[in-house]
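For reference, the structure is listed below as structure tokens.
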Amino acid sequence: MGKSEIHSLFRSIPVILTVILATVTIISAFSGNFDPANSKYMPVLGLALPVLLICNLLVAICWAFARSRWILIPFAALAFNYGYILSVFQFNFTKKIPEGHYSSNYADGYLKVATYNVGNFGTEITGYSCKEIARYMKQQEVDVLCFQEFGDNQYFPMDSIRNVFSHWRYALIPTEDSISGVLPIAVFSRYPLINPRFISYPQSANCSMQCDIILGRDTVRLLNNHLQTTSVNQNRRKWERGLNNTNDTRREVEVVQGAINTLHDNFVKRAEQTDSIRQLALASPYSVVVCGDFNSLPSSYTYAELSDILKDGFRTSGRGYMYTFRYFKRLLRIDYIFHSPAIQGYRYYSPDLDLCSDHNPVLMEMKIKK
């Protein structure tokens with residue numbers, strides 16, 4: 001092989017890698033269209049989509065410096081994923097947010113909802129995070145609080161938690177019998193809550209809660225959810241040890257396949273739970289707010305199924321960049337507030353609270369259309 005052939009080969013390698021990266025990224029754009037029960041690898045590609053998009057952006061920058069037409073390849077991959085991009089980044093920085101709409105009653109039609117995976121309030125014996133969360137939510141004039149992983153401990157029991165959130169007069173906290181073996185969830189509200197329904201899922205420690213919020217002459221159905229975890233945090237060290245403690249290629253393949261199988265099992269459980277939530281939302285005689293920790297990216301089957309019948313609050317009333325999981329370089333948006341088209345969003349944000357949880361809360365101000 002002559003020097004010209006070698007030079008040509010080395011020049012073609014970046015192009016080949018660019019095309020491969022773009023192809024995988026474009027395929028990943030359709031991951032949410034596949035039911036995990038029928039596809040093992042497409043949901044995994046969807047999980048990798050944030051990293052794939054960043055890689056395409058970096059490649060595009062490199063081709064821009066080279067002033068090469070190959071920049072069109074990563075741009076094509078980004079264009080195919082415009083739906084995902086808009087679900088984590090809203091470009092409307094000049095959007096005007098109405099001020100002064102909040103009222104101590106519902107006469108003006110506005111409602112503010114927050115959802116937060118509080119991680120059992122960090123099991124803190126003083127209840128510091130619990131008190132700080134209540135103080136912040138009161139300051140933000142939140143009407144309805146939806147919590148996931150809502151738990152107490154022997155030093156800061158449930159009656160202490162209830163007292164901290166006394167500003168929200170009405171509360172739905174499952175009894176110990178109903179939450180046996182599951183991660184507890186709860187709802188606190190300034191308005192009456194009726195028709196509570198606790199929803200557990202087979203072979204899962206996760207659950208949902210449905211209730212109706214009485215807002216004067218209006219009624220809104222609320223679905224508070226905590227869907228099946230990905231188990232990445234729980235298994236990451238085990239998978240890393242399996243890869244680091246062996247030079248056996250076969251063993252490495254077994255570890256990777258085991259990780260994919262674990263992810264797939266949880267994808268399937270989450271899809272089944274999503275189907276249940278979707279049916280509950282469709283069956284509601286009232287406008288619906290569906291919120292919680294969904295453990296799913298906007299590239300997922302869960303997001304695709306829910307956004308097919310409901311509006312993503314961030315896309316209707318958010319701005320800038322949106323993430324809700326504090327780890328993994330703040331790349332993951334897995335907590336949401338969805339709403340019926342009959343509800344108008346005015347403000348949607350996720351403050352970076354460094355308290356008890358690896359999640360950020362999500363808050364949304366909305367109005368029920370007449």
Side-chain angles (χ1 to χ4, degrees), residues 24-36 42-57 74-95 97 113-117 223 225 227 230 267 270-271 274 277-278 281 288-341 343-352 359-366:
V24 173
T25 306
I26 290 172
I27 293 172
S28 301
F30 301 97
S31 58
N33 298 332
F34 289 81
D35 187 332
M42 284 299 291
V44 177
L45 284 179
L47 194 62
L49 190 54
V51 175
L52 292 173
L53 290 174
I54 291 174
C55 290
N56 276 275
L57 181 59
F75 273 169
L78 294 173
F80 267 92
N81 284 279
Y82 75 95
Y84 181 93
I85 294 172
L86 291 179
S87 67
V88 296
F89 199 95
Q90 284 291 310
F91 297 89
N92 189 7
F93 288 103
T94 60
K95 183 175 181 180
I97 298 174
V113 176
T115 180
Y116 197 4
N117 182 324
L223 280 161
N225 307 278
L227 300 194
T230 59
F267 280 130
R270 231 171 6 256
T274 299
I277 295 167
R278 179 186 168 100
V288 176
V289 173
V290 178
C291 65
D293 174 8
F294 292 86
N295 280 305
S296 302
L297 297 180
S299 55
S300 66
Y301 174 86
T302 293
Y303 183 89
E305 287 296 291
L306 294 179
S307 61
D308 180 53
I309 62 170
L310 301 169
K311 301 290 186 180
D312 175 357
F314 176 63
R315 296 187 68 164
T316 62
S317 54
R319 61 165 66 178
Y321 175 64
M322 175 61 59
Y323 73 94
T324 64
F325 192 66
R326 296 169 53 80
Y327 299 151
F328 289 100
K329 308 299 181 182
R330 290 168 163 75
L331 292 176
L332 306 183
R333 182 186 178 211
I334 59 176
D335 305 81
Y336 305 90
I337 298 177
F338 295 97
H339 61 87
S340 296
I343 295 176
Q344 182 177 2
Y346 277 92
R347 192 181 182 199
Y348 188 107
Y349 57 106
S350 181
D352 191 359
H359 293 248
N360 285 337
V362 176
L363 294 83
M364 181 177 177
E365 184 178 353
M366 61 191 75

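- Counting only N and O atoms by type, the side chains of Asp352 and Tyr323 include a donor and acceptor under 3.5 Å apart.
- In this structure, Leu332 CG and Tyr327 OH are separated by 13.0 Å, a value rounded to the nearest 0.5 Å.
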* Asked: Can you check side-chain contact (heavy atoms from CB on, under 4.5 Å) on Asp312 and Tyr303, steps first, answer last?
  -> CA-CA 9 Å; Asp312 175 357; Tyr303 183 89; 2.7 Å; yes

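- Expressed to the nearest 0.5 Å, how far CD of Gln344 lies from CD of Glu365 amounts to 10.5 Å.
- The CG atom of Asn81 sits 8.0 Å away from the CG atom of Asn56 when rounded to the nearest 0.5 Å.
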* Verdict with supporting geometry, Tyr348 and Ile337, side-chain contact (heavy atoms from CB on, under 4.5 Å) -> CA-CA 9 Å; Tyr348 188 107; Ile337 298 177; 3.8 Å; yes

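- Rounding to the nearest 0.5 Å places OG1 of Thr324 at 5.0 Å from CD1 of Ile334.
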Please tabulate, one pair per line, all N/O donor-acceptor pairs under 3.5 Å involving side-chain atoms of residues 46-53, not counting sequence neighbours.
none

* To do: List the steps and the verdict of side-chain contact (heavy atoms from CB on, under 4.5 Å) for Val288 and Ile309.
  => CA-CA 10 Å; Val288 176; Ile309 62 170; over 6 Å; no

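- Between Met42 and Ile27 there is a side-chain heavy-atom pair separated by less than 4.5 Å.
- Only one option out of Asp293, Thr115, Val113 pairs with Val362 in a side chain to side chain contact (heavy atoms under 4.5 Å, CB included); it is Thr115.
- Between Tyr116 atom OH and Cys291 atom SG the span is 14.5 Å, to the nearest 0.5 Å.
- Annotation: cation-pi pair Arg333/Tyr336 absent, no NZ/CZ under 6.0 Å from the ring centroid and within 45° of its normal.
- With contacts defined as side-chain heavy-atom distances shorter than 4.5 Å, the pair Arg278/Asp308 qualifies.
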* Determine, step by step, whether Ser317 and Met364 satisfy the side-chain contact (heavy atoms from CB on, under 4.5 Å) criterion, reporting the C-alpha distance in whole Å, the side-chain angles of both residues, the deciding distance to 0.1 Å, and the verdict. => CA-CA 8 Å; Ser317 54; Met364 181 177 177; 3.8 Å; yes

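- When all heavy atoms of Ser31 and Ser299 are compared, the pair lying nearest together is OG-O, 2.9 Å.
- In this structure the side chain of Ile54 reaches within 4.5 angstrom of the side chain of Leu331, judged on heavy atoms.
- For the residue pair Asn360 and Ser350, the shortest heavy atom distance occurs at CB-OG, 3.2 Å.
- Remark: Leu86 engages Tyr82, Gln90, Phe91, Arg315 in a side-chain contact (heavy atoms from CB on, under 4.5 Å) (not counting sequence neighbours).
- The heavy-atom pair separating Ala77 from Ile26 by the smallest distance is CA-CG1, 3.7 Å.
- Using cut-offs of 30° and 60° for the angle between ring planes, the Phe89 and Tyr321 rings count as tilted.
- Note: His359 and Phe325 have perpendicular aromatic rings, judged against thresholds of 30 and 60 degrees for the angle between ring planes.
- For Asp35 (side chain) and Ala271 (main-chain N/O), no donor-acceptor pair under 3.5 Å exists by modelled atom type.
- The two residues Phe338 and Leu306 come nearest to each other via the heavy atoms CE1-CD1, 3.9 Å.
- Across Thr302 and Phe294, no two heavy atoms sit closer than the pair CG2-CD2, 4.1 Å.
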